[in-house]
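All ligand and atom numbering here is 1-based and tracks the order in the structure. All values below come from the heavy atoms of this structure, side chains included, with hydrogens, waters and symmetry mates left out.
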Amino acid sequence: MNPELTSSSSCSSSDRRISVLARHLVGVEMDSQNDSISAFPTSGSDSNSVFSHVVRGPEDPILGVTVAYNKDPSPVKLNLGVGAYRTEEGKPLVLNVVRKAEQLLVNDRSRVKEYLPITGLADFNKLSAKLMFGANSPAIQENRVTTVQCLSGTGSLRVGAEFLAKHYHQRTIYIPQPTWGNHPKVFTLAGLSVKTYRYYDPATRGLNFQGLLDDFGSAPSGAIVLLHACAHNPTGVDPTVKQWEQIRQLVRSKGLMPFFDSAYQGFASGSLDADAQPVRMFVADGGELLLAQSYAKNMGLYGERIGALSIVCKTADVASRVESQLKLVIRPMYSNPPIHGASIVAAILKDRDLYNEWTIELKAMADRIISMRHKLFEALRARGTPGDWSHIIKQIGMFTFTGLNPKQVAFMTKEYHIYMTSDGRISMAGLSSKTVPHLADAIHAAVTRVV
Ligand code: PLA
């Protein structure tokens, strides 16, 4: 038996906790020999700490860019690291429709702050499934979809991955090369084994379609494949509809399990339905899949941490058993999800006027990003910057994968105070008409002066 669980030692471990708390509160050290209290050294060596062996971890490759940016006092500094939308004035944007929905929620005195069910807000879940799979989706009508509210896209991926690690016969997940930097960590920590498939061809700055097909073709039957639903991060390169159809056929014929990550619905084309098309093609064939949805970008609800995991199953009975197991994954992880973001999303999705207003604001965000692509492309052309920069206008979604190397990125940060991830990805959503010339100057200097 674990000695920690015996009553006498649990007593001593609670004593220990009390003594740690006492030390923390009064800044004194309990002498373990005679329980007398002695002065606690307030500075100097950390050799008293049981954590003194802990080494400093690295900053996150994406969120760490913001940490570095915040420390820079330069007035011309520019953060193009994290994918967060900014206005033409360079400010974060709270959508008008979100403000309206929040006002409705505040005015509704019948609303309470009780716990949500483990699976989250029921309305939110139904409406999220409908948003991606479509109003007339047979899978929804046949109750073959289970949807659970999760902590934004990341939390949805993690819950889905933990479910797969526990209940699916194949533990290997293939992720695109390259992909969002957090994917390998999320999946590995959930208990899956991560492999990559070819996706991006640096020579063409486009899709390595043959490489993708070959890698899916040689993956073991049943393996999980992570697919970016649209606006691939970081490359901005998506398959065409025709290519998606070929991918679908191969995935189904090999019995691979698709896991869609949809963090940018509406940001690729400006249309929620058009961006949902690849996922809908996979649902239409009657096969099974997982989907992680995020409202961080398309509703600007970054900090509300609101998203959903859907699992499309073959039958209603399987879906309901799957849901019962998702609850067992979620309950010990965070018990149940937060209520505010889900209530905002549900209010918008269920009201025709609010929904329409949202689609207009979303399209405006997508259009502003596209106009930044054109402005940056033109600015480089005007400067005669060496190289073919047409990928800036061809790539899709929030990011441009510039092709700048880590040395050039470091140069731009040092000399121009422009912050971006070291793989050369820039968030087009962080640019404005005013900052385009500064970025173009920096890129021009980097490619002409740094090899
Ligand atoms: N999936 C992909 C492909 C993403 O790009 C992101 C966010 C997420 C999931 C997770 O988003 P969420 O948990 O906030 O819903 N990627 C950002 C932010 C925008 C980040 O790294 O956390 C990025 O800059 O890449």
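The shortest contact between atom 12 (P) of ligand 1 and any protein heavy atom is with Ser152 OG, 3.4 Å. Closest protein heavy atom to atom 14 (O) of ligand 1: Arg305 NH1, 2.9 Å. Taking atom 22 (O) of ligand 1 as the reference point, the nearest protein heavy-atom neighbour is Trp180 CZ2, 3.6 Å.
Residue contact annotation: Tyr264 has a non-hydrogen atom under 4.0 Å from ligand 1.
Inclusion of Arg425 in the set of residues having an N or O under 3.5 Å from an N or O of ligand 1 is warranted. In terms of polar-atom proximity, defined here as any N/O pair under 3.5 Å, Ala263 makes no such contact with ligand 1.
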List the atom pairs, donor and acceptor, that lie under 3.5 Å between side-chain atoms in residues 443-451 and the rest of the protein, sequence neighbours left out.
{"residue": "His444", "atom": "ND1", "partner": "Thr385", "partner atom": "OG1", "Å": "2.8"}
{"residue": "Thr448", "atom": "OG1", "partner": "His444", "partner atom": "O", "Å": "2.6"}
{"residue": "Thr448", "atom": "OG1", "partner": "Ala445", "partner atom": "O", "Å": "3.3"}

task = Please assess Lys314 against Glu288 for the test salt bridge (Lys or Arg N to Asp or Glu O under 4.0 Å), listing each intermediate value before the final yes or no.
result = CA-CA 6 Å; Lys314 287 269 186 192; Glu288 300 181 300; 5.8 Å; no
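Heavy-atom proximity to Gly153, at under 4.0 Å, picks out these atoms of ligand 1: 12 (P), 13 (O), 15 (O).
Within the set Ile306, Asp261, Leu157, Thr179, the minimum heavy-atom distance to atom 2 (C) of ligand 1 is found for Asp261.
For residues 117-148, the ring-ring contact (aromatic ring centres under 6.0 Å, His included) pairs, not counting sequence neighbours, are Phe124-Tyr295.
For the pair Lys297 and Tyr264, the distance from NZ or CZ to the six-membered ring centre is under 6.0 Å and the angle to the ring normal is within 45 degrees.
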